[in-house]
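Working notes, beginning with the structure itself.
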Amino acid sequence: MVVMKITDVRLLKEVQKEFRAQFPFLEMLFYKSDNLQPVNSTLASSLQISDLRNNGSNGLLILNGNITCAAMEQTMAEIFGLTVSVANRWNVPCSPRHRGKPLGELNYKAMHMAEDVVFV
């Protein structure tokens, strides 16, 4: 379980690092509200949460492996005013059929995608 503090002054890279600590094969991508592309990872290193949201509360987000991708994204939008998506390490977002799956399961599947496969 990971507890992430969501406040205006937090850097996006800090939140992403905490997410990756719990789900090392997944990424949390942040979006500006008017943009369809995620914030560039080099730009995210200097951006604060306040740079991306116009509304939303500060608070704690408690994540465990049982929360679904869709529930986490919805919570981030409705409570914290942040547009995020969950993706695998190759920045491929959750497909519609995977949005209802728990983050722990998605992390496990992404881990197996990272393994090298050798045919002899």
Side-chain angles (χ1 to χ4, degrees):
M1 176 172 50
V2 65
V3 178
M4 299 186 329
K5 190 172 188 177
I6 308 294
T7 64
D8 284 337
V9 296
R10 292 277 330 260
L11 294 175
L12 298 181
K13 72 177 182 178
E14 295 171 338
V15 176
Q16 289 171 322
K17 182 179 178 182
E18 290 173 357
F19 182 81
R20 248 183 267 116
Q22 180 70 22
F23 307 105
F25 295 94
L26 299 178
E27 297 286 338
M28 181 187 295
L29 305 176
F30 288 90
Y31 296 80
K32 287 194 175 188
S33 58
D34 58 346
N35 198 340
L36 297 176
Q37 295 296 319
V39 173
N40 183 306
S41 60
T42 54
L43 191 65
S45 64
S46 62
L47 287 177
Q48 294 180 328
I49 287 176
S50 63
D51 295 325
L52 296 185
R53 69 178 182 182
N54 297 323
N55 58 19
S57 302
N58 292 330
L60 297 176
L61 176 64
I62 301 170
L63 290 178
N64 62 39
N66 296 325
I67 190 169
T68 66
C69 173
M72 198 236 19
E73 292 172 356
Q74 184 177 357
T75 299
M76 291 295 280
E78 291 176 359
I79 308 261
F80 300 112
L82 293 166
T83 303
V84 301
S85 68
V86 174
N88 63 25
R89 283 180 36 192
W90 304 273
N91 290 334
V92 177
C94 283
S95 68
R97 68 186 184 115
H98 290 115
R99 294 184 48 70
K101 303 241 185 235
L103 293 176
E105 182 179 330
L106 295 173
N107 186 66
Y108 181 79
K109 287 182 180 190
M111 175 183 65
H112 287 287
M113 289 173 59
E115 293 177 346
D116 292 330
V117 177
V118 178
F119 292 98
V120 186

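Nothing fancy with the numbering, it's 1 onward along the sequence.
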Heavy atoms of T68 and G100 approach each other most closely as CG2-O, 3.1 Å

Side chains of S50 and V9: closer than 4.5 Å at any heavy-atom pair?
no

Quick one: does F19's side chain get under 4.5 Å of V2's, heavy atoms only? no

Compare all side-chain heavy atoms of Q48 with those of D8 and state whether any distance is below 4.5 angstrom.
no

All heavy atoms of V86 vs all of C69, minimum pair found to be CB-SG, 3.7 Å

| Within the distance-only criterion (no hydrogens, no angle test), does the side chain of E105 pair as donor or acceptor with the backbone N or O of P102 below 3.5 angstrom? | no

How are the rings of H112 and Y108 set relative to one another: parallel (under 30°), tilted (30 to 60°) or perpendicular (over 60°)? perpendicular

Heavy-atom closest pair (E73 atom, V84 atom, distance to 0.1 Å) is CG-O, 3.6 Å

Tightest non-hydrogen contact, residues S46 and L11, listed as O-CD2, 3.9 Å

L47 versus F30: any side-chain heavy-atom pair under 4.5 Å? no

Review point. Under 4.0 Å between a Lys/Arg side-chain N and an Asp/Glu carboxylate O for E27 and R20?
Key: yes

| query | Under the 3.5 angstrom rule, does the side chain of R53 hit a backbone N or O of F80 as a donor-acceptor pair? | reply | yes

In short, Y31 meets P38 closest at the heavy-atom pair CE2-N, 3.3 Å

Between L103 and L63 the two heavy atoms that sit nearest each other are CD1-CD2, 4.5 Å

In M28, K13, R10, the residue satisfying side-chain contact (heavy atoms from CB on, under 4.5 Å) with E18 is R10

